[in-house]
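Read the structure below first, then the notes.
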Amino acid sequence: MNTLEIAQERKLVTAIPGPKSQELHKKKLQEVSHGVGTMIPVYIERAHGAILIDVDGNQLIDLGSGIGVVTIGHTNQQVVDAVIEQVQKLTHSLFTVTPYVPYIQVCEILNRHTPGKFEKRSALFNSGAEAVENAVKIARKHTGRGEIAVFDHAYHGRTNLTMAMNFKAHPYNTGFGPFAPGVNHVPMSYPFRDPEGMTGEEAARRAITYMEKRVGAESLAAVVIEPIQGEGGFIVPAPGFLKTIADWAKKNGIVMVADEVQSGMARTGKWFASDWEEGFEPDLVIIAKGIAGGMPISAVTGRAEIMDASHPGGLGGTYGGNPVAAAAAVAVLSQLEAGGVFEQAERIEKILRPRLEAMKAKYPVMGDVRGRGAMQAIEFVEPGTMNPNAKAVEAVSKHAHQNGVVVLTAGTYGNVIRFLPPLAITDELLNEALDVIEAGIAAL
Ligand code: PLZ
């Protein structure tokens, strides 16, 4: 079956997980390191648009996009064609040995669309964490300083440096230390849990005081922030927070870095979540996930003078900006440039947000609904309190999975359900998936 022929409908032919998935899961536990976990033991064979087909023939609605990766939709026709064409021409030469065109094309498009009109350069890597590592390397080289600041509830990856940058020790860090030094955690703007009425500027002052007193502005190379936090639970900082921090960073010669790995690439209805904050222009932007329809590629894009601070040969890696992944990225990016994709994120928000708000009015277990575009979340509480309710999230997501809806959880307290549907999802599928989730909440 050609994936492009997959009907955009939910269809359950066995219990979830089905017998073949259960068999495979036994084998997985036998052969794969138990350190590599499984959120949903349903084995996927093919996919298109917003539908996943498992090995038992069940068709599931995907509300997670493989954690915000296939934003353009599964097996997007132009991405598939670009990959096939490129794989027949050149799969590898190593860009720093003998270069090739798709790498430059990706950089050119990213330079055009990251926030800020200044002269830019890009460098390509493989994963989000690798790009975060490189952004920090570049900022340190440019400033000649060693310390960096990151925020409470942040997530930046699973390498040694990025583990040090994560807020949540478990499951990401526990037992894997010692961790890289020079990483300072400062308070985030978290409107739902901050003192009532705290403005973005006030929350920024709180973080700045910490950086000035505890670290010292002159010691800081970079401030690294997710403009909307991903794993932390889709925390959208109060308006003014990002700009106030960035203005302070600029005054102190600190490189402002936006980790847009989860929030970027049209997810929020603009190229980057940073674009929503008036006057916020990060010096460097970290890009991965949604950039290439599932092919592994990431980037750091930013001010030319910062990006060029490294001596030639200081940045690189065997596979960074691999030709096939780069060709896929060009196919995604040119669809974004052609228009229509951002409107899909708006369309999704127009369905998702009012429905979630209406549910919140009905179910006191829903404490907060937040997000932007096709990046929305519910934070669950024990009714009538601010106490995080991870049990409710577990029950609702289990209900969704058993009914053929792949939905992801998040949050420092594990009490958030997040929505990251492929932008190709139809109104009907999205509404059907929300019916399933609402039934799960009603059944609590
Ligand atoms: N920065 C903001 O969201 C990846 C993690 C999945 P990599 N988030 C999903 C998991 O459990 O490993 C992420 C992110 C932000 C960096 C990263 C890291 O990106 O491509 O997973 O390395």
Side-chain angles (χ1 to χ4, degrees), residues 28-29 32-41 64-69 125-137 139 147-190 193 207 210 222-237 257-264 267 273 286-290 296 298 300 371 375 377 379-380 388-391 393-394 397 406-420:
K28 185 240 174 191
L29 292 172
V32 180
S33 159
H34 291 194
V36 181
T38 307
M39 279 182 219
I40 311 166
S65 305
I67 319 201
V69 172
F125 305 99
N126 300 285
S127 66
E130 193 188 357
V132 174
E133 292 256 358
N134 276 279
V136 172
K137 258 171 80 167
E147 298 293 315
I148 64 166
V150 296
F151 289 82
D152 292 348
H153 313 293
Y155 178 86
H156 296 290
R158 292 178 183 273
T159 57
N160 187 267
L161 173 63
T162 55
M163 278 193 292
M165 296 167 73
N166 294 337
F167 179 71
K168 204 168 159 176
H170 200 76
Y172 308 123
N173 306 353
T174 320
F176 297 134
F179 301 107
V183 180
N184 304 276
H185 294 255
V186 308
M188 178 63 181
S189 163
Y190 191 164
R193 293 191 175 274
Y210 194 96
V223 174
V224 185
I225 191 163
E226 297 157 87
I228 297 178
Q229 289 183 321
E231 303 305 307
F234 288 14
I235 300 168
V236 187
V257 184
D259 179 347
E260 292 261 13
V261 168
Q262 196 155 155
S263 58
R267 174 52 59 190
I286 301 164
I287 302 156
K289 289 192 188 284
S298 64
V300 181
M375 182 175 191
E379 178 162 350
F380 287 78
N389 192 341
K391 280 213 173 75
V393 162
E394 220 171 282
S397 58
V406 173
V407 73
L408 304 173
T409 63
T412 292
Y413 315 104
N415 66 328
V416 173
I417 286 191
R418 59 176 147 172
F419 300 91
L420 287 169

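If you're wondering where the values come from, they're calculated on a predicted model, not measured in any experiment.
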Val416 to Ala377 - nearest heavy-atom pair and separation
CG1-CB, 3.7 Å
Mind listing the closest non-hydrogen atom pair of Ala207 and Phe151 along with its distance?
CB-CE2, 4.1 Å
I'd like to know if the side chain of Lys289 and the backbone of Ile67 have a donor-acceptor N/O pair within less than 3.5 Å.
yes
Hey, what do you get for CG (Leu408) to CD1 (Ile417), rounding to the nearest 0.5 Å?
9.5 Å
With heavy-atom distances below 4.5 Å as the criterion, would you say the side chains of Leu420 and Phe234 are in contact?
yes
Considering all heavy atoms, the nearest Ala164-Phe179 contact
CB-CB, 3.8 Å
Identify the two heavy atoms, one from Gly66 and one from Val69, that lie closest to each other, and give their separation to 0.1 Å.
O-CG2, 3.2 Å
Here the pair of heavy atoms bringing Ala288 nearest to Val261 is CB-CG1, 3.9 Å
So, does Asn160 use its side chain to make a donor-acceptor pair with the main chain of Ala180 at under 3.5 Å?
yes
What distance do Thr38 atom OG1 and Leu29 atom CG have between them, rounded to the nearest 0.5 Å?
7.0 Å
Qualifying residues under side chain to side chain contact (heavy atoms under 4.5 Å, CB included), relative to Thr162, sequence neighbours excluded
Ala129, Val132, Glu133, His156, Thr159, Met165
Contacts of type salt bridge (Lys or Arg N to Asp or Glu O under 4.0 Å), residue Glu379, not counting sequence neighbours
Arg193, Arg370
Holding to ring pair (Phe, Tyr, Trp, His ring centres under 6.0 Å), I want the full list of residues that pass it with Tyr155, two or more places apart in sequence or in another chain.
Tyr172
Would you call the rings of Phe167 and His185 parallel, tilted or perpendicular if under 30° counts as parallel and over 60° as perpendicular?
tilted
Excluding sequence neighbours, so at least two apart, what forms ring pair (Phe, Tyr, Trp, His ring centres under 6.0 Å) with Phe419?
none
Considering all heavy atoms, the nearest Ser298-Gly128 contact:
CB-N, 4.2 Å
By side chain to side chain contact (heavy atoms under 4.5 Å, CB included), Asn389 pairs with (sequence neighbours left out) Val365, Phe380, Glu382, Pro383, Lys391, Ala392
Please name all residues satisfying side chain to side chain contact (heavy atoms under 4.5 Å, CB included) with Tyr210, sequence neighbours left out, ordered by chain then number.
Val186, Pro187, Arg214
Quick one: does Thr409's side chain get under 4.5 Å of Arg418's, heavy atoms only?
no
Within this structure, what is the CD1-CD distance for the pair Ile286 and Glu130, rounded to the nearest 0.5 Å?
12.0 Å
Answer whether the closest heavy-atom distance between the side chains of Glu226 and Ser263 falls below 4.5 Å.
no
Do Gln229 and Met188 touch side chain to side chain, with heavy atoms closer than 4.5 Å?
yes
Are any of the side-chain heavy atoms of Glu231 and Gln262 separated by less than 4.5 Å?
yes
Taking the side chain as C-beta and beyond, is there a heavy-atom pair between Val406 and Met39 under 4.5 Å?
no
Within-4.5 Å side-chain heavy-atom neighbours: Val183 and Met163:
no
Expected output: side-chain Glu260 to main-chain Pro227 donor-acceptor under 3.5 Å
no
For the pair His153 (side chain) and Gly411 (backbone), establish whether a donor and an acceptor sit closer than 3.5 Å, ignoring hydrogens and angles.
no
